[in-house]
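Read through the structure below, which is laid out as structure tokens, and then see the notes.
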Amino acid sequence: MNEQQPGVADLRQGLDEVDSRIVRLIAERRELIAAIAKVKEHSASAIQDPDRERRVLDAVVAEATALGVSASLVHTIFRELISDSVAQQARHLNGDGGGRARVAFQGAAHAYSDAAARKYLAGRGLEGDLTGYRTFREAADALLAGDADLAVLPIENTTAGSINEVYALLRSREMFIIGEETWKVDHCLAAAADVPLSALTRILSHPQGLEQCAQFLQSLPNAVPTTYFDTAGAMQAVAAADDPTVAAIASPEAAAAYGLVVLRHDISDSPDNFTRFVVLSRTPAAVDLRIPCKTSLILVTGHEEGDLLRCLEVLSGSGHSMTKLESRPRPGRPWEYMFFVDFEGNAADPRTATALDELRAAALFVKILGSYPAKALRAPARPGDVPGQPAAGLAAAQPESSPQDPAEMLEAVAAAPRPAGGRSRHYKLVDRAARQADTVIRVGDVLVGGDGFVVMAGPCSVESGEQISATATFVRDHGAHVLRGGVFKPRTSPYAFQGLGWDGLDLLVTAGRESGLPVVTEVMAVDQLPRMAAAADILQVGARNMQNFDLLRELGKVDRPVLLKRGLSSTIEEWLAAAEYVVAQGNQQVILCERGIRTFESATRNTLDLSAVVVIRERSHLPVIVDPSHGTGLRRYVAPMAWAARAAGAHGLLIEVHPEPEKALSDADQSLSFDEFAALMRRLAAVPSSRSVPA
Ligand code: PEP
Ligand code: MN
């Protein structure tokens, strides 16, 4: 043991040197960025270039993969570096940086607003003197009275929605939005002592905090939720009361600052709980045209039919994409509404200025709240792609095609005229005749349907945190777009492993979040639906439930993509009719999945019906993917059938992958090992898709 000590010390010294080199390289990178910013000062080029950013990320990820370094680690680090560079350039162009600002926020020290305000200042290289006020209005008044230079107020939360009081202040006061900031809200429950949750009698928090944790609070039958002016202030009050039966909801930092014990972490109803803050000033900001900007305004339209549409057409017609439209009651005018609009654009840009003039002409009232550098923008989605191939139009992207080129042969097949054929009696909405264009469904940042090819991979069943996390990282690093994992399992025998249930769902969602992959899991019964829909990104209907009409109808009422597997012995017509049950209730987001059917053939577990792909693509606009794992039941057949599915024009794959397939608690025979999955993905890129031809 003793002999090893110097060895470790030496190694640590080596590590320290590497770390210091990394820091120096970051400094060097920033110097280059500063030089670029200087050059761009005199050019019209935008500081953000998504194509260049993607190329940089692709290049470093490729290099990392070649060196055996986790692609996701490198991706995360470089995302941060790039976003720092953009901020650095924006600061340079706008001449920001240095100086002090007095900032008003609502709440006590360590409130979320306090944290968001500090984040905003740090991003601009500003020092701040921050003052918390009891109410939003007091914070706004402090700004208007000149007691503060800026006010940072929350405007919307991704769980609880818009903060009406702040919207009302924006309408009634002369304040301008000069910036925005986002903060990930991470609520915890804390008390003066480590007491059981059942002992709690009162829970204090800001009404927003209580609202964002409503489901969790319902699980505490003895505790009464009590509103408090602020989250951090509630922690302060609990600390002062010294009554262990009273707890508060706020950030873990606030709990630590007021010396409280955290009883429960992560209690928000939605794990992705973000708040967007606006940064307000008495005067509007001028933002350099090269910085990606948003403009916010309040709009009152006329009362004629189509007035709102005319106003929105002014924006879309001039190429301004809208990021938010919110309707609020007009004070003192019952049943009349005003609209809060955010769109991408800068009022200083002549094109935007013209659009705003036209908007004024089309509306009854327009108040421009400001143009400011955009922070909260939904990431653009892209079609799924297979690593090693361009994203879309795969066959078309093949190099010079010879007549023997398989891509061309497939094109010929796909381009063949369709028989007129009669329409089905069983469905109409999912019929290709009802919608010529392919339905494209957004899942996380990836699009399912249309041009892309999406790979969903993971174990048959979630078995443990380690199993699902390791699989998530591996399949993500090898090109998967969605993580699969069953938690309620439809098993032939009641004595077989039935899945980990809700605990499994938590593990799956955590693994998905940590790897950045959306998740798909099976919902077996109507009563599981609300909780499933809140957590999973895609709800799978298993083969055995394809005609569970009650379940299908309920799935039609939730706003979540549905993965509808083909029944064990269902015809394509029955399958499409089942999809119609979902769509007819309003949810158009159905992905069909061919997973093999029962035939007399016994060499494979099921008979994978790849012809279903071409039939579905002809009869319906819905995306169709293929599950060669259940389709064949034997791992050595999975990859060839996966390649064939892509060639046939499927929109993607569902594949079972397990860190130790032979030990899998379900479907061991058909689960791929990591190496087998990597090999499948490598070859997949070489298979042309017949889908480059418009359907
Ligand atoms: C599954 O995908 O885990 C599953 C149970 O599939 P199927 O419903 O197709 O049998
Ligand atoms: Mn399975």
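Just follow the structure's listing: the first ligand is 1, and inside any ligand the first atom is 1. Please read these numbers as outputs of a predicted model, since none were measured by experiment. Side chains included, hydrogens not; waters and symmetry mates left out as well; all remaining heavy atoms used.
- Between Glu522 and ligand 1, not a single N/O pair is under 3.5 Å apart.
- Looking only at distances, a side-chain donor or acceptor of Arg484 sits under 3.5 Å from a matching main-chain atom of Cys460.
- Dense packing is recorded around CZ of Arg560, with more than 12 heavy atoms of other residues, nucleotides or ligands lying under 6.0 Å away.
- Applying the ring-ring contact (aromatic ring centres under 6.0 Å, His included) test to residues at least two apart or on different chains, none of the pairs has a partner in residues 592-622.
- Listed by number with element, the atoms of ligand 1 under 4.0 angstrom from any heavy atom of Arg595 are 7 (P), 9 (O), 10 (O).
- Neighbours of the Mn ion (ligand 2) restricted to protein N, O or S atoms under 2.8 Å: the count is 4.
- Close N/O approach between Asp627 and ligand 1 is not found [any backbone or side-chain N/O within under 3.5 Å].
- A salt bridge links Lys324 and Glu156; the closest N-O separation between the charged side-chain nitrogens and carboxylate oxygens is under 4.0 Å.
- Taking the charged nitrogens against the carboxylate oxygens, Arg595 and Asp609 have no contact shorter than 4.0 Å, which rules out a salt bridge.
- Counting protein heavy atoms only, atom 6 (O) of ligand 1 is closest to Lys565 NZ, 2.9 Å.
- Using a cut-off of 4.0 Å between Lys/Arg side-chain N and Asp/Glu carboxylate O, Asp438 and Arg435 are scored as not salt-bridged.
- Close contacts between ligand 1 and Gly542 involve ligand atoms 8 (O) [criterion: under 4.0 Å to a heavy atom].
- Side-chain contact check for Asp667 and His658: no donor-acceptor pair (N or O, by modelled atom type) lies under 3.5 Å.
- For atom 4 (C) of ligand 1, the nearest non-hydrogen atom of the protein is His630 NE2, 3.5 Å.
- Judged by the 6.0 Å distance and 45° axis criteria, Arg264 is not positioned over the aromatic ring of Phe216.
- Under 4.0 Å is where a charged nitrogen must lie from a carboxylate oxygen, and between Asp431 and Lys428 no such pair does.
- Closest protein heavy atom to atom 8 (O) of ligand 1: Ala543 N, 2.7 Å.
- A donor-acceptor pair shorter than 3.5 Å cannot be found between the side chains of Gln547 and Tyr581.
- In this structure, Arg566 falls outside the shell of residues with a heavy atom less than 4.0 angstrom from ligand 1.
- Near Arg544, meaning under 4.0 Å from any of its heavy atoms, are these atoms of ligand 1: 7 (P), 8 (O), 10 (O).
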